[in-house]
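One structure is given below, encoded as structure tokens.
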2 protein chains.
Amino acid sequence: MPKKIKLELIPEMAARKATFNRRKKGIMKKLHELHTLCDVPICAVIYGPCKEEEPIVWPSPLEVENMINLYKNLPEIQQCRKKVTHEEYLKQRIARVEEKLKRVRKKNRKLKITKLFNECLKNKDFHDQNILDVTDLKDLSKLADEKMKLIDERIETLMGNPPPPPQIGTSRSAAAGEPNGEEI
Amino acid sequence: MPKKIKLELIPEMAARKATFNRRKKGIMKKLHELHTLCDVPICAVIYGPCKEEEPIVWPSPLEVENMINLYKNLPEIQQCRKKVTHEEYLKQRIARVEEKLKRVRKKNRKLKITKLFNECLKNKDFHDQNILDVTDLKDLSKLADEKMKLIDERIETLMGNPPPPPQIGTSRSAAAGEPNGEEI
DNA sequence: GAGTCTATATATAACAC
DNA sequence: TGTGTTATATATAGACT
């Protein structure tokens, strides 16, 4: 039932308050856990959605102030180096997510091509199916080259001999079903 | 694989650091989400387990300071009323958990007795089984009284008449199987 | 507001790289 | 250290009480 809500301001005040209370509790628990598990100084201040409310000051107003003062007394160098501003945080996050997206896309592409490759091994008339565009064919060719190289290397290993000339007659044993798109 | 780790200081420094990094990331995400979903002012300062590290100051040192100042300017009354100190937080938490424990125990007890009750309806020789102690028998008797009362009420409802004298010959239809221990 | 319930979404511990 | 993976543990949205 926890519909994946979008990460944006909740319009209805009632729902917003409910979510605030639920999540505030969760965050306080997390803070307490981190503090206990790692024995690190932590503090947080959280204002409520209703402006008249007093903020939560965790673990206590005094300690919050102490931590702030402690921070202020750090040498400038340390203060400035790693300041994680909200903006920076977002930028870092975006960068990481985009990087991951790239990796995943690449992986997907590779899986797709590998799947095509294996299908081709089983079905030689794939040319007629009009499902391959130029890019696919190029990647397919590239993958074929890679597979050839792998085969060559494996043969070398099995023979335990110096590299013979590149042309070898290999018996491609058509793989039956691709369990996970990663056969040779 | 996430073995349920105990909520206490992690002894091995390596594991502690790993956990710290993982959880710090999680908490920052939560803070960001709460901030976005509810549009409330939030800030947090988190020092690392290595004393030389600079703390994370979120969302930014300036804003943290502003929030602190804002807080300091609140009228004393508001400042003092709801100060959630770490200790208070723990006390509240303990109180709530204990309360819940109580509720659950009560519920368990009731389920157990109801189960016994239903078994008795099916099997009259339960006296021989030596599985009931005095408390059980007392609770059982109490439950029987309650059930009787429920039956009386239901009969009254069905008759739509003024309450007849308490003695009624009721036909106890022995319930077949207790689906969830909550039959009459 | 606070607690219950339940289906899902997330967080995350331990491990392999 | 950081990432990917996977099996679990938690968090939590939504509907009720």
Side-chain angles (χ1 to χ4, degrees), chain A residues 1-38 46 48-50 52-54 56 82 92-93 95-108 110-111 179-182, chain B residues 1-38 46 48-50 52-53 56 82 84 89 92-108 110-111 179-182:
Chain A
M1 305 191 173
K3 229 177 63 187
K4 177 175 175 154
I5 64 175
K6 274 192 289 187
L7 189 56
E8 57 184 32
L9 183 63
I10 298 172
E12 314 83 57
M13 200 40 152
R16 193 192 302 179
K17 267 181 167 177
T19 289
F20 175 78
N21 285 323
R22 244 178 294 126
R23 282 174 174 254
K24 185 189 60 179
K25 200 168 75 174
I27 286 181
M28 286 178 59
K29 187 162 173 240
K30 292 277 182 200
L31 288 173
H32 172 234
E33 289 179 350
L34 184 59
H35 174 63
T36 304
L37 291 171
C38 304
I46 303 180
C50 304
E52 302 74 24
E53 273 179 82
E54 323 91 67
I56 301 294
K82 208 177 170 181
Q92 284 178 22
R93 200 118 194 299
R96 271 205 302 213
V97 170
E98 283 181 342
E99 226 174 283
K100 181 158 187 176
L101 177 59
K102 229 163 140 184
R103 281 197 299 275
V104 171
R105 277 196 174 135
K106 204 167 168 183
K107 195 175 172 183
N108 274 343
K110 190 166 182 181
L111 283 174
N180 226 322
E182 264 312 344
Chain B
M1 306 192 172
K3 228 176 65 188
K4 177 175 174 154
I5 64 176
K6 273 190 291 185
L7 191 54
E8 56 184 30
L9 183 62
I10 298 173
E12 315 83 57
M13 200 40 152
R16 194 192 301 177
K17 266 181 168 178
T19 290
F20 174 77
N21 284 324
R22 243 178 295 122
R23 282 172 174 256
K24 184 188 63 179
K25 201 166 75 172
I27 287 181
M28 285 177 61
K29 187 163 174 240
K30 291 279 184 199
L31 288 174
H32 171 231
E33 288 178 351
L34 184 58
H35 174 64
T36 304
L37 291 171
C38 305
I46 304 179
C50 304
E52 302 74 25
E53 274 178 82
I56 302 292
K82 207 178 170 181
V84 176
Y89 165 74
Q92 283 178 22
R93 203 120 192 296
I94 291 171
R96 269 202 304 209
V97 170
E98 283 181 341
E99 224 174 284
K100 182 158 188 175
L101 177 60
K102 227 162 141 186
R103 279 197 300 274
V104 171
R105 278 195 173 135
K106 202 167 171 183
K107 196 174 171 184
N108 275 343
K110 189 166 183 183
L111 284 174
N180 224 321
E182 263 314 346

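What you see is a predicted model; the values in this text were computed from it and never measured. All heavy atoms count here, side chains included; hydrogens, waters and symmetry mates do not.
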* To do: Taking only the side-chain nitrogens and oxygens of B:K17, find out if one of them lies under 4.0 Å from OP1 or OP2 of D:dT1.
  => yes
* Rounded to the Å, how far apart are A:L7 CG and C:dA9 C1'? -> 14 Å
* Asked: If only atom types and distance count, is the side chain of B:R23 paired as donor or acceptor with the main-chain N or O of A:L34 below 3.5 Å?
  -> no
* **Spacing of B:K24 atom NZ relative to C:dT12 atom P, expressed in whole Å** => 13 Å
* Structure fact -> B:L111 CG to C:dT4 C1', in whole Å, measures 15 Å
* **Side-chain N or O of A:R103 closer than 4.0 Å to phosphate OP1/OP2 of D:dG4** => yes
* Asked: Between C:dT10 atom C1' and A:E33 atom CD, what is the distance in whole Å?
  -> 14 Å
* Nearest-neighbour nucleotide for the A:K100 side chain, D:dA11, C:dA11, D:dG4 considered -> D:dG4
* Structure fact -> Per nearest nucleotide of DNA chain D, the residue lying toward the 5' end, B:K25 or A:I5, is B:K25
* To do: Measure the distance from CD on B:E12 to P on C:dC15 and round it to the nearest whole Å.
  => 11 Å
* Taking CZ from B:R23 and P from C:dA14, how many angstroms apart are they, rounded to a whole number? -> 11 Å
* Closer than 4.0 Å, any side-chain N/O of B:K30 to the OP1 or OP2 of D:dT12? -> yes
* **Salt-bridge criterion met for A:R16 and A:E12 (N-O under 4.0 Å)** => no
* Contact under 4.0 Å: A:K3 side-chain N or O vs C:dT8 OP1/OP2 -> no
* Identify whether the distance between the nearest side-chain nitrogen and carboxylate oxygen of A:E98 and A:K102 falls below 4.0 Å. => no
* Asked: A:L37 CG to C:dA14 P: how many Å, rounded?
  -> 11 Å
* Asked: Which nucleotide, D:dT3, D:dG2, C:dG3, lies nearest any side-chain atom of B:R96?
  -> C:dG3
* **Short side-chain N/O contact to D:dT5 OP1/OP2 from A:K107, under 4.0 Å** => yes
* Over all heavy atoms of both residues, which pair between B:P49 and B:M13 is shortest? Give the atoms and the distance, please. => O-CE, 3.9 Å
* Over how many whole Å does the gap from A:I27 atom CD1 to D:dT10 atom P extend? -> 18 Å
* Of B:K4 and A:A18, whose closest DNA chain C nucleotide lies nearer the 5' terminus? -> A:A18
* To do: Quick one: do B:T36 and A:L9 satisfy side chain to side chain contact (heavy atoms under 4.5 Å, CB included)? Show the steps, please.
  => CA-CA 6 Å; B:T36 304; A:L9 183 63; over 6 Å; no
